[in-house]
Amino acid sequence: MSVIKNLENKIKLVLIVSSLFMVGCIIISLGALFTAKGMVDDAHKKVYVLDSNHIPIMVSQSDMAETLDVEAKSHVELFHHLFLR
């Protein structure tokens, strides 16, 4: 009888240790995913432009409202250049 109780305790211990290990792996994986997503979101907010010497320069990103006038004038000039020569 003592051997069976000892075996049952060892099986319970193995189940507890493996369950804790699995929970730890899931927590670490989810933490890594959220950290990676944050890093990708931060990288998407930065815009780099290469100058003539192939040196990257970080520029600020603007929204559509700030550049609407310039883009509209550029489209009109391109239209006139292509079709009204």
Side chains of residues 14-28: which donor-acceptor pairs under 3.5 Å do they make with residues two or more places apart or in other chains?
{"from": "Ser18", "atom 1": "OG", "to": "Val14", "atom 2": "O", "distance (Å)": "2.9"}
{"from": "Ser18", "atom 1": "OG", "to": "Leu15", "atom 2": "O", "distance (Å)": "3.1"}
{"from": "Ser19", "atom 1": "OG", "to": "Leu15", "atom 2": "O", "distance (Å)": "2.7"}

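Shown are Leu7, Asn9, Leu13; of these, the side-chain contact (heavy atoms from CB on, under 4.5 Å) with Ile11 is made only by Leu7.
Under the 4.5 Å side-chain contact rule for hydrophobic residues, Leu78 and Phe83 share a cluster.
For Lys73, there are no salt bridge (Lys or Arg N to Asp or Glu O under 4.0 Å) partners two or more places apart in sequence or in a different chain.
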